[in-house]
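First comes the structure, then the notes that go with it.
In what follows, every chain begins at residue 1, and chains take the letters A, B, ... in the order their sequences are listed. Note that the structure is a prediction, hence the values are computed from the model and not measured.
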There are 2 protein chains.
Amino acid sequence: MKQDARKRITIDHVARRAGVSKTTVSRYLNGHYEALAEQTLKRIQEAIIALDYRPNRMASGLKRDRSHLIGIVVADITNPFSTAILRGAEDVCKRHGYSLMVCNTDNDPAKEREYIFMLQAQRIDGLIINTTGQNNEFLHQLAAEHTPVVLVDRKVPELGFDTVGVDNEQATAEAVHYLVEQGYERIAFFSEPIDGISSRMERLISFQNVLRRYGHCSVSDIYEIDLRSEKQLEKKLDAFVHSSQDQSRVLFAANGVILLQLILELRKKGLQIPEDISVLGFDDLDWAPVVGPGITTIAQPTYEIGVTAMERVLQRLEGDDTPARQISLSGQLIVRGSTPSSSKPDGNGSSATTKSI
Amino acid sequence: MKQDARKRITIDHVARRAGVSKTTVSRYLNGHYEALAEQTLKRIQEAIIALDYRPNRMASGLKRDRSHLIGIVVADITNPFSTAILRGAEDVCKRHGYSLMVCNTDNDPAKEREYIFMLQAQRIDGLIINTTGQNNEFLHQLAAEHTPVVLVDRKVPELGFDTVGVDNEQATAEAVHYLVEQGYERIAFFSEPIDGISSRMERLISFQNVLRRYGHCSVSDIYEIDLRSEKQLEKKLDAFVHSSQDQSRVLFAANGVILLQLILELRKKGLQIPEDISVLGFDDLDWAPVVGPGITTIAQPTYEIGVTAMERVLQRLEGDDTPARQISLSGQLIVRGSTPSSSKPDGNGSSATTKSI
DNA sequence: TTGTATGCGTTATCAA
DNA sequence: TTGATAACGCATACAA
């Protein structure tokens, strides 16, 4: 019935051709060279090359209960933040002979759940996840099956998993501190909905803490934007812009997505950066230097987050059963022209200063 | 020896609990409801839920020679062009119960080869690849094993595979046509190294063809830039800038990466867009509207490319064995302020006109 | 409508 | 140093 009668090459063919048993071939495949006569070793090598044999990972996976697959679940694969993490994870993965299964949830808990199920069905060996926080039960299940789970960007304390992300508290504090010192009278915090998302929460809290320490009036200039609804951003930005008429003011964008949306909206309104309003954003996107006078940003070590998360998974896989670790990598404030000192309304122009924090 | 003595739930457990044989359970799992008594069907359902059973895809995959895995190999996963494709492919994949294995090659043929091997080992059911063109032999092998392969963005005629991408000829022609009509005296083509990469080649050829038709002098203003070498872009941009002193001029960036690099370099030199030099880029990146006066771009239907490629794979998987198809999706010229009519050095400001091509 | 027996390609156990 | 044999979890031919 099948088109091609010639079956695929299996370990049996290799064994036959090398004149040994498949056990012996298997030993070779798994690097037990100590237990092989030089003669047989060579014969096996030759047979493998001659037949162009490729071991079947489904078979060995079934037997050993190891798929060599690592799942990675991100909120939005088109977000540069996610892809940088992906790339970091991928590089490490490859080096260790694992492959990545990538899943995109759009922050939808239902989609996330479906993906977790799929990944479980594939018997992934480990999982890196930027979770919505709504599927803790299923994540727990994974862990109970001894599948290491590492959370990136977002923490869920009750899960007790390893966690990797930027140090939001420090990075935000540094940036807000800087803005206050630049003399801004009004500093607005724009974020996607906080929900229970730890990274957003941490940034908000740090933002408010710093302002409170300074006795700054902007403690309540907080705007949560659901980008799925058309006009929210426009309205809320309007509200802030009008309420801060004639004051020196700056927008703190809590992530790269909201940063871009804010800049688009400012442009639509004909507001100039920084003449009419200043801007600072979390996430140092590649276009930040070329928009307006250059956008001041907080650079996240996204690639390293991916690398670190993946390394954590591999360590767990190798038997590390020390308590869960919360790993925070530090961010870096990159000052550009979008946040000039508010007394002297001009500034550094296109030069960029970086400041480790 | 193992930590957890409780083994995983298998089809056997379900069978036992439901009081049937595993054959029957298997029938249920595969949707052969016609062959099941309502009674047993219910009992099986209950057992599955009670035990929270998840079929093991490695096992079923081994038996059926189907992994439910689709490989996707891209040159650079941090490039928005790639991620948009990824997202399209992913959406379709998910709808059909497949999962994506994502691989990143950095345009390195060696890496590409390693990944192809890995994917073969995992017995992927299909492959979408943005290939370097240096591993045709191995891609052929895959096809010989009846694994559908679909090429995105780059064609390799001798491979005889399905192909999905933007219509480079049309899109480029439209854009160059537009630039000529805007009255530019010098139009420079900047691209990453053409090598044998079909999409780059097609854009170049179309570029030159249009200029020739017009008897335009810029037919040889061609610059290939290897971005891995530090100063190449700077030097070549310098060369063009100096050679076109006092002429109206525009940069045609053949993809999004080179576009951004050009803009960064212009800024470093203190050259204004469009006062000192105009710019047009292939790939409508999300920041294009907010850089300078807005960058005129060619929008590629990247998401649709991903969707279409994945659909092609699935069709092949379902037995479609019609001849290979070359699918070209049309691009869209999006006119913004970076390419004003060169006679009247001002223009549309921030408004954008789109023009289907 | 259901069950028995066999095999998918690999690894692990045990014996030689 | 090597090999025979029995799993791994599932699907299928065939029988009942």
Side-chain angles (χ1 to χ4, degrees), chain A residues 1-2 6-44 47-48 51-69 97 120-125 145, chain B residues 1-2 6-44 47-48 51-68 97 120-125 145-146:
Chain A
M1 218 59 173
K2 270 296 179 91
R6 225 182 38 203
K7 298 293 298 178
R8 269 179 167 150
I9 303 297
T10 75
I11 199 172
D12 264 313
H13 300 130
V14 176
R16 206 131 36 205
R17 167 141 188 159
V20 298
S21 77
K22 40 189 204 157
T23 308
T24 307
V25 178
S26 177
R27 275 195 269 266
Y28 171 82
L29 293 175
N30 294 292
H32 297 342
Y33 303 123
E34 346 82 54
L36 291 182
E38 207 159 323
Q39 265 295 332
T40 40
L41 193 147
K42 248 189 218 155
R43 296 238 299 282
I44 293 174
I48 286 179
L51 297 172
D52 192 30
Y53 165 68
R54 312 286 170 82
N56 183 334
R57 278 205 168 170
M58 284 198 288
S60 86
L62 176 60
K63 181 66 185 164
R64 299 217 273 204
D65 204 21
R66 284 245 156 170
S67 62
H68 283 271
L69 256 23
Q120 260 178 310
Q122 291 286 0
R123 299 295 191 264
I124 49 163
D125 291 341
E145 293 165 3
Chain B
M1 220 60 173
K2 272 296 179 88
R6 224 180 41 201
K7 299 293 298 178
R8 269 178 166 152
I9 303 298
T10 75
I11 199 173
D12 265 312
H13 300 132
V14 177
R16 207 131 36 205
R17 168 141 187 160
V20 299
S21 77
K22 37 188 206 160
T23 307
T24 308
V25 178
S26 177
R27 276 196 267 266
Y28 170 83
L29 292 176
N30 294 293
H32 298 283
Y33 304 122
E34 346 81 54
L36 291 182
E38 206 160 323
Q39 264 295 332
T40 40
L41 193 146
K42 248 189 218 155
R43 296 237 301 280
I44 292 174
I48 286 180
L51 297 173
D52 192 29
Y53 166 68
R54 311 286 170 80
N56 182 334
R57 278 203 168 169
M58 284 197 288
S60 84
L62 176 60
K63 180 68 186 161
R64 296 215 275 204
D65 203 20
R66 285 244 154 170
S67 61
H68 285 270
Q120 260 178 312
Q122 291 286 358
R123 299 295 192 263
I124 48 164
D125 291 341
E145 293 165 3
H146 305 111

Whether [X] contacts [N] is assessed here as follows: a side-chain N or O lying under 4.0 Å from the phosphate OP1 or OP2. Is that the case?
X     : N      : value
A:S60 : C:dT10 : no
B:N56 : D:dC8  : no
A:T24 : D:dG3  : yes

Checking side chain to side chain contact (heavy atoms under 4.5 Å, CB included) for the pair B:N56/B:R8: CA distance, chi angles, key distance, verdict?
CA-CA 10 Å; B:N56 182 334; B:R8 269 178 166 152; 5.9 Å; no
What's [X] touching, base or sugar-phosphate or nothing? Going by heavy atoms closer than 4.0 Å.
X     : result
B:T10 : sugar-phosphate
B:Q39 : nothing
A:Y53 : sugar-phosphate
B:E34 : sugar-phosphate
B:V20 : sugar-phosphate
A:R27 : base

Can you check whether any acceptor in the base of C:dA12 is under 3.5 Å from a donor in the side chain of A:K63, or vice versa?
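No pair found.
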In whole Å, I'd like the distance from the [atom1] atom of [X] to the [atom2] atom of [N].
X      : N      : atom1 : atom2 : value
A:H68  : C:dG9  : NE2   : P     : 18 Å
B:L62  : D:dA11 : CG    : C1'   : 11 Å
B:Q120 : C:dG9  : CD    : P     : 15 Å
B:M58  : C:dT11 : CE    : C1'   : 13 Å
B:R66  : D:dC10 : CZ    : C1'   : 16 Å
A:K42  : D:dT1  : NZ    : C1'   : 17 Å
B:H13  : D:dC8  : NE2   : C1'   : 12 Å
A:R57  : C:dG9  : CZ    : P     : 17 Å

When rounded to the nearest 0.5 angstrom, what is the spacing between [atom1] in [X] and [atom2] in [Y]?
X     : Y      : atom1 : atom2 : answer
A:Y53 : A:I48  : OH    : CD1   : 7.0 Å
A:L36 : A:R43  : CG    : CZ    : 11.5 Å
A:R54 : B:R123 : CZ    : CZ    : 8.5 Å

Minimum-distance nucleotide to [X] side chain [options: [options]]:
X     : options               : answer
B:A37 : D:dA11, C:dT2, C:dT11 : C:dT2
B:P55 : C:dT10, D:dC10, D:dA4 : D:dC10
A:I11 : C:dC8, C:dT2, C:dT10  : C:dT10

Nearest-nucleotide 5' precedence on DNA chain D, A:L41 against B:T23:
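The residue closer to the strand's 5' end, by nearest nucleotide, is A:L41.
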Within the side chain of B:N30, is there an N or O that forms a donor-acceptor pair under 3.5 Å with the backbone of B:H32?
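A pair under 3.5 Å: no.
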Closest nucleotide of DNA chain C for B:A35 versus for B:R64: which of these residues is on the 5' side?
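The residue whose closest nucleotide sits nearer the 5' end is B:A35.
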For A:T24, which of A:I44, A:V14, A:L29 qualifies under side chain to side chain contact (heavy atoms under 4.5 Å, CB included)?
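Testing A:T24 for a side chain to side chain contact (heavy atoms under 4.5 Å, CB included) against A:I44, A:V14, A:L29 leaves exactly one candidate, A:I44.
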